[in-house]
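Take a look at the structure set out below.
Chain identifiers are assigned alphabetically (A, B, ...) following the order of the sequence lines, protein sequences preceding nucleic acid strands; residue numbering begins at 1 within each chain. Keep in mind the model is a prediction, meaning the values are calculated, not measured.
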Amino acid sequence: MIEAGIFYLFATVLVGAAVGVISSRNPVHAALFLVLAFVTSAVLWILLEAEFLGIVLVLVYVGAVMVLFLFVVMMLNVNIEKMRVGFTRYAPLGIIVALAVAAEIGYVIWTRRGQLPEKQPLPADNYSNTEALGAVLYTDYVYAFELAAIILLVAIVAAIALTMRQRAGVKAQDISAQVATRRQDRVRLVSMDSEPRQ
Amino acid sequence: MNFDLTHVWPEIFVATMACIVLVADLYTSRRDVAYWLSLLTIVGAAALTLALPAGGRELTLTDTYIAEPLTDVLKMVAYGVVALVFLYSRDYLRERDLLKGEYFVLGLFGLLGIMVMISAHHFLTLYLGLELLSLSLYAMVAFDRDSSICAESAMKYFVLGAIASGTLLFGMSLVYGVTGSLAINEVAAGVVAAGSTDIMLLIALAFMLVGVMFKLGAVPFHMWLPDVYHGAPTSTTLYIGTASKIASFALFVRAIGEAFGGLESDWRDMLIVLAVLSLGIGNIVAIAQTNLKRMLAYSTISHVGFILLGFIAADGQGYQAALFYTITYVLMAAGAFGMIILLSRAGFEADELADFKGLNQYSPWFALIMLLLMFSMAGVPPLIGFYAKLAVLAAVVEAGLTWLAIVAVVFSVIGAFYYLRVIKLMYFDAPEGDTRIDAGVGMRVVLSANGLAMLALGIFPGALLALCGTVIPLALR
């Protein structure tokens, strides 16, 4: 009973936040609504006892992706009016797509009515998703795991190789050269005869 | 759970050495260090692969990794081709101020991706290997970052490659939904059990086939090929045109040939359409090209059509012919792109057909090498390209599809026109502009060997053909 109450509360907030994402005029507000949507869906995951997915959703999407997204939105001067120009022109197409998707969902529900799957049995009380994932991630799937790591390394190498450039004429300090310098490099003793007073 | 690492040492070695090259390159201003270390890595990996105990089919790393004679042969070809790419690339990159350690590091990681794909026995590893290769290639295409045409082709390659990967993944997820597994042998068993009446499985097959054909470059999924070949630095085009074709062969054999062996009659019909279109469009559109790189891109499409013919036969002989054709094609393409690199120099790309005019007058030797390569691609005996086409056609006729063999022959005859045009330009036209050849001795020697190999293998094709026959796994016969 309490669970159902929590579910409906957060589901309502989730739907409201999702509507906020697409309806708010300010892109920063939209991004913040999306954060709210992620956090509430994380709560729904945890209600389903999928605590690992819930935590990952908060850590990865809210903690990393959305923060980065907010930075980009705030730093780039996105012209909202310009983006809304094509709205009326593309609206009919959007409505058609939305209707098609709604019809598909309706079809699936209609053909499968009355044969919804039975409620799945809950796992044992001391069962932990995180533990179960960890048990296979570093054993059965260690090869795939290492390959994913190498793919990330390649992404780093590629990003640096493609974007890092030394521009000509930059007045940057070369600290190791400064530290390693010797007196002979900087001071030159010149022996010269004193000139007669005029 | 088996964790025998014996067969995985080449992969571990290449991955470790790529990291070492990456770091070693930081501590030296001599860019040759990365180059030589990369070549050393390939030699070491080849030695490790040769030292492996020969045997039948072995699964390891909890059945996500497969080792069998086929994987060893494909890996050895991949080593050879990537080594050729590196050998041809060094001077080209240096003249364009692109000689950086990262190029070779990305090349090595791409090789690792190819090796992972060759040895993948699980859709997850297959996909990860594909992404590793693709990601390295995207960066290598964009490597000349001040060139807008490079950036454009890298962008096209990236977007279309991502769509292809997405299609492939979508197919894989449907396969998982039907068979409940991603391991290739379990999927194959599940496919046989479900049979060709399972609509979900047929949709999955269609999606996966589209993804694989995208990577292979078969019509109608070929649109990225000419633009990427044309826009990328020629050394990268060489990599995409040769090494990644071996990976595509492995991708097809595992993802379609083995996993969907039970639905052979279904995908065979799809392949027939793709093969005829590839042969037709590849050969006909190539005639209209004035740029050699674009011409070779369309010629790749027509050669892919021939490889597909081998897959259509779908028996021991068909796969043997397809493997033989792939190896042959890769060697021919390496030589042809090598010739473009040979004639290019700082600030000048010899990628127009007109740049080959009168080559015979100032370099008869390399005109002869190019002649061998072009005749081999056209399929003129006694060069190796002839036997490759012959093997494929024999397999197709054997499978009872004589009309398909006739179509293939007709289109090859049409295709012979544009290969012969290159030869006509070299031998019967007067040279235009600068006729210097700046390439170093190493490059000249290797390219000559590459061209002469077409002739040598053409005279003695038996050993390679027999090798291709013995390594085709039993599951595919």
Side-chain angles (χ1 to χ4, degrees), chain A residues 50 52-53 56 60 65 97 100-101 104-105 107-112 115-118 120-121 131-170 172 174-177 179-180, chain B residues 1-3 5 8 11-12 14-16 18-19 21-22 25 60-65 98 100-103 105-106 108-110 112-113 115-117 119-146 150-151 154 158 182-183:
Chain A
F52 183 77
L53 282 175
V56 165
V60 175
V65 176
V97 171
V101 173
E104 281 170 13
I105 295 173
Y107 172 77
V108 170
I109 294 175
W110 181 253
T111 51
R112 298 283 167 90
Q115 41 171 321
L116 286 173
E118 291 296 309
Q120 296 294 315
E131 223 178 286
L133 276 171
V136 291
L137 187 60
Y138 301 109
T139 52
D140 285 2
Y141 293 99
V142 69
Y143 185 45
F145 181 80
E146 295 295 336
L147 285 174
I150 292 178
I151 289 179
L152 287 179
L153 176 65
V154 169
I156 297 171
V157 172
I160 292 175
L162 293 181
T163 55
M164 200 180 86
R165 56 181 73 215
Q166 258 139 12
R167 260 174 267 157
V170 176
D174 187 348
I175 297 184
S176 60
V179 173
Chain B
M1 197 156 54
N2 49 357
F3 252 96
L5 286 181
V8 197
E11 275 86 354
I12 296 174
V14 171
T16 316
C19 297
V21 174
L22 187 62
D25 185 57
T60 181
L61 296 175
T62 49
D63 295 357
T64 58
Y65 184 99
L98 295 175
K100 294 181 191 132
E102 286 84 3
Y103 193 86
V105 172
L106 289 171
L108 282 182
F109 277 125
L112 181 65
M115 294 163 72
V116 169
M117 283 171 79
S119 279
H121 191 254
H122 196 273
F123 278 147
L124 193 59
T125 29
L126 195 62
Y127 176 73
L128 286 170
L130 180 65
E131 281 305 284
L132 185 54
L133 170 65
S134 306
L135 213 61
S136 311
L137 285 179
Y138 301 145
M140 284 167 83
V141 170
F143 211 73
D144 188 3
R145 55 194 184 188
D146 295 323
C150 271
F158 180 71
L182 286 174

### Message
So for Ala159(A), is it side chain, backbone, both, or neither that comes closer than 4.5 Å to the heavy atoms of chain B?
### Response
neither

### Query
For Leu22(B), what residues pass the side-chain contact (heavy atoms from CB on, under 4.5 Å) criterion, not counting sequence neighbours?
Val157(A), Val105(B)

For the atom pair [atom1] ([X]) and [atom2] ([Y]), what is the distance rounded to the nearest 0.5 Å?
X	Y	atom1	atom2	value
Ile160(A)	Glu102(B)	CD1	CD	8.5 Å
Ile151(A)	Ser134(B)	CD1	OG	9.0 Å
Leu132(B)	Leu152(A)	CG	CG	10.5 Å

### Task
Go through the atoms of Leu128(B) and report whether side chain, backbone, both or neither lie under 4.5 Å from a heavy atom of chain A.
both

### Message
Between Leu124(B) and chain A, with a heavy-atom cut-off of 4.5 Å, which part of the residue counts as in contact: side chain, backbone, both or neither?
### Response
side chain

### Query
How about Tyr143(A) and Thr62(B): do any of their side-chain heavy atoms sit closer than 4.5 Å?
no

### Task
State, to 0.1 Å, how close Met164(A) and Arg145(B) come at their nearest heavy-atom pair, and which atoms those are.
O-NH1, 2.7 Å

### Task
Please report the shortest heavy-atom distance between Thr64(B) and Asp140(A), naming the atom on each side.
CG2-O, 4.4 Å

### Message
Heavy-atom pairs under 4.5 Å with chain B - which of Ala148(A), Ala161(A), Ala158(A) has more of them than the others?
### Response
Ala161(A)

### Part of residues 137-144 of chain B lying next to chain A, heavy-atom separation under 4.5 Å
Ala139(B), Ala142(B), Phe143(B)

